[in-house]
Amino acid sequence: MAMENSVDRGTFDEVMVPCYSPMEIIPVRGQGSRVWDQADKEYIDFAGGIAVSCLGHCHPAMVEALTTQGNKLWHLSNVMTNEPALRLAKKLTQLSFAEKVFFANSGAEANEAALKLARRWAVDNHGPEKSEIIAFEQGFHGRTFFTVTVGGQSTYSDGFGPKPSDVIHLPYNDLEAFKAQISDRTCAVMMEPLQGEGGIISPTPEFIQAVRDLCNQHNALLIFDEVQTGNGRTGDFYAYQGVGVTPDILSTAKSLGGGFPIGAMLTTAEIAAHFKVGVHGSTYGGNPLACAVAEAVVDIIAQPEVLQGVKEKELRFREGLEQINAKYPIFSEVRGRGLLLGAALNEAWQGRARDILVAAGKAGLLVLVAGPNVVRFTPSLLISPEDITEGLARLEQAIASVFTSS
Ligand SMILES: *Cc1c(COP(=O)(O)O)cnc(C)c1O
């Protein structure tokens with residue numbers, strides 16, 4: 001009987017839809033910034049489940065929130081509201097420009113809500129001709145059909161038949177192209193205030209400010225996708241606060257739940273009013289379990305010393321990566337902000353990011369890539385200096401092995 005229940009990586013190929021290609025290892029437990037696989041091998045986690053596990057694994061405050069709520073009430077639907085959702089919404093409005101919150105279950109759903117709201121706002125206020133959505137090449141906004149269409153990689157959106165229309169993609173940080181495109185027909189501009197999946201690309205201050213100004217001039221809504229940058233990841237609670245440019249609509253997910261699925265769309269009262277009763281909805285959105293966990297996460301992340309800690313940890317990472325690069329020169333630059341960092345491979349190492357990821361796994365370290373040429377680090381915001389040091393030592397070992405074998 002025990003054998004029948006045992007599962008391994010081979011089981012994935014047998015019974016899972018093949019849209020992923022997971023690593024060989026199967027982690028079975030985690031604590032802080034360490035996880036252990038089926039063979040009890042230990043890993044340091046510099047990936048954090050793609051910028052999700054912001055308090056590390058099994059943080060006591062999250063476990064407490066989950067088990068306390070789990071013994072009280074799991075689900076109601078939106079026919080009734082619930083206390084954790086109301087408390088969380090209050091906190092998110094206190095921590096941001098927003099006055100209103102819509103809860104969803106993922107980043108894509110938060111963005112889907114943002115895009116639908118922008119289109120509805122335009123139809124109500126200006127008529128259906130104001131439907132153009134401007135987004136950026138290499139941008140990533142999720143995998144629903146609308147969000148993947150707005151995302152800037154056609155390989156993700158092609159091959160599914162007719163797409164939602166009137167979506168334009170421009171090069172990120174190209175102000176001239178943006179000026180030439182935006183008009184009174186533009187309904188909304190959707191962008192990440194630091195592109196994550198696209199390779200850890202920061203906007204120039206001039207570009208992002210000009211986007212805001214031109215949106216104002218043409219009565220277009222500015223939507224910031226902060227699914228990856230939000231909730232302390234960059235050292236500010238939301239990245240827009242560090243950039244100094246405020247959007248009209250903001251989407252957040254990933255670190256919001258610290259590992260429990262939740263997403264949210266934040267906006268002003270005036271814009272929110274266009275989602276009248278029945279216009280949009282979600283069965284699970286604002287679920288008490290998710291909101292109770294997210295509330296515990298937000299309480300910790302919003303502390304000034306935690307946000308300050310992110311900035312200090314960024315320096316440790318940058319120093320450590322530079323030291324490795326001095327011995328094994330494979331990076332052209334380290335970029336990003338806070339604990340959303342990318343080490344870009346130099347000319348000689350183009351296309352090898354995945355090799356580094358695999359070698360790191362062997363050395364007991366979990367990292368991510370952002371495209372073929374960038375090794376990405378999105379660890380817990382609470383990762384200890386010891387775990388950073390030990391993780392960087394394992395990274396050096398991994399890079400050394402790739403370096404000497406090629
Ligand atoms: C991960 C991500 C999404 C999609 O979030 P899901 O929870 O996977 O739907 C959207 N936007 C950005 C910027 C992301 O990094």
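Counting convention: from 1, in listed order, for ligands and their atoms alike. Since the structure is predicted, the reported quantities are computational estimates derived from the model, not experimental observations.
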Between [X] and [Y], is any side-chain donor less than 3.5 angstrom from a side-chain acceptor?
X	Y	value
Q217	D213	no
D166	S131	yes
E14	T11	no

Quiz question for you: does at least one protein heavy atom lie closer than 4.0 Å to atom 9 (O) of ligand 1? yes

Evaluate the side-chain proximity of E132 to Q181: yes if any heavy-atom separation is below 4.5 Å, no if none is. yes

Considering both backbone and side-chain atoms of [X], is one of its nitrogen or oxygen atoms within less than 3.5 Å of a nitrogen or oxygen in ligand 1?
X	answer
A253	no
G142	no
G107	yes

Answer with side chain, backbone, both or neither: which part of [X] has a heavy atom less than 4.0 angstrom from an atom of ligand 1?
X	result
N111	side chain
A108	both
H141	backbone

With sequence neighbours excluded, tell me which residues meet ring pair (Phe, Tyr, Trp, His ring centres under 6.0 Å) with H218. none

Can you list everything that forms a ring pair (Phe, Tyr, Trp, His ring centres under 6.0 Å) with F102? Sequence neighbours excluded, please. H280

Is the backbone N or O of P329 less than 3.5 Å from a side-chain atom of N346, with the two atoms forming a donor-acceptor pair by type? yes

What atoms of ligand 1 come within less than 4.0 Å of a heavy atom belonging to E192? 13 (C)

Proximal ligand 1 atoms for S106, defined as those under 4.0 Å from one of its heavy atoms: 7 (O), 9 (O)

Above 12 or not: heavy atoms from other molecules or residues under 6.0 Å from OH of Y284? no

Among K254, E109, E197, which residue places a heavy atom closest to atom 15 (O) of ligand 1? K254

What protein heavy atom is closest to atom 11 (N) of ligand 1, reported as residue, atom name and distance in Å? D225 OD2, 2.7 Å

